[in-house]
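What you see below is based on every heavy atom in this structure, not just the backbone, and it leaves out hydrogens, waters and symmetry mates. Both counts, for ligands and for their atoms, begin at 1 and track the order of listing.
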Amino acid sequence: MDRLDKLLSSTGRWSRREVRQLIKEGRVLVDGAPAAAAEQKLDPALSPVLVDGEALTIRKHTYIMLHKPAGVLSATEDPRQETVLDLLPPELRRRGLFPVGRLDKDSEGLLLLTNDGPLAHRLLSPKRHVDKIYHIRTDRPLTPADAAAFAAGVVLGDGTACLPAKLELLGDGSEALVTLHEGKFHQIKRMIACRGATVCRLKRLAMGTLVLDDRLAAGEFRPLTGEEVSKIGGIT
Ligand code: URA
């Protein structure tokens, strides 16, 4: 049995304050009757909950899509710097969420936050080769020779060999899409540096089947839809 306000806010759609308001306005039905109080206890497996007529899916785990802004750390906590968890309301921060993989502090874009450890493990496993797509801007136009080098597999300055990657030039080549099948530290910046150029801006657009929602401004987040969760292999 869980408290109604906890269950509703755990979906990531409403803060506890918003939940209280929804209940006060009679917009939450439990077992077909308007919920009496935020503190009301229920078993979501036995008592259907509707908000504004929509049946609520209460999941075992929480999955949040965040549009990470530049300047924020991909970490759960840091004594001095703002982290991606600081962008979430307290009721979500309490759920033990962590980012699945990292984006550099100055990178932006798609970041999945979850408390589903096995899923994170599967998505990050080198064996699974979950593709990640990035939009980059560079200080000089990239060329078909750079794309060919990416396709052949760049060897980084320290001798680390990268898997073949896709580099699709956009416009005059100062912007491009990069598809990686792995995730080494600062990988794109180091691959581009090997080609004698510098990454000025880096934004992750997709991770496997999960695509950054273009309605999310930098710093905004939303829960994954049921379809997104099942496509990435999450447990609902
Ligand atoms: N490659 C990088 O260099 N940085 C990122 O944040 C992601 C991929």
- Query: Taking any residue with a non-hydrogen atom under 4.0 angstrom from an atom of ligand 1, which ones do you get?
  - Reply: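 L103, D104, S107, Y134, H186, Q187, I188, K189, L202.
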Short side-chain to backbone donor-acceptor contact, [X] and [Y], under 3.5 Å:
X    : Y    : answer
E182 : C162 : no
K68  : V72  : yes
R3   : E39  : no
S107 : L103 : no

- Would you please say whether a donor-acceptor pair under 3.5 Å links the side chains of S47 and D31?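 Yes.
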- Message: Salt bridge check, D158 against R190: does any charged N sit closer than 4.0 Å to a carboxylate O?
- Response: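 Salt bridge: yes.
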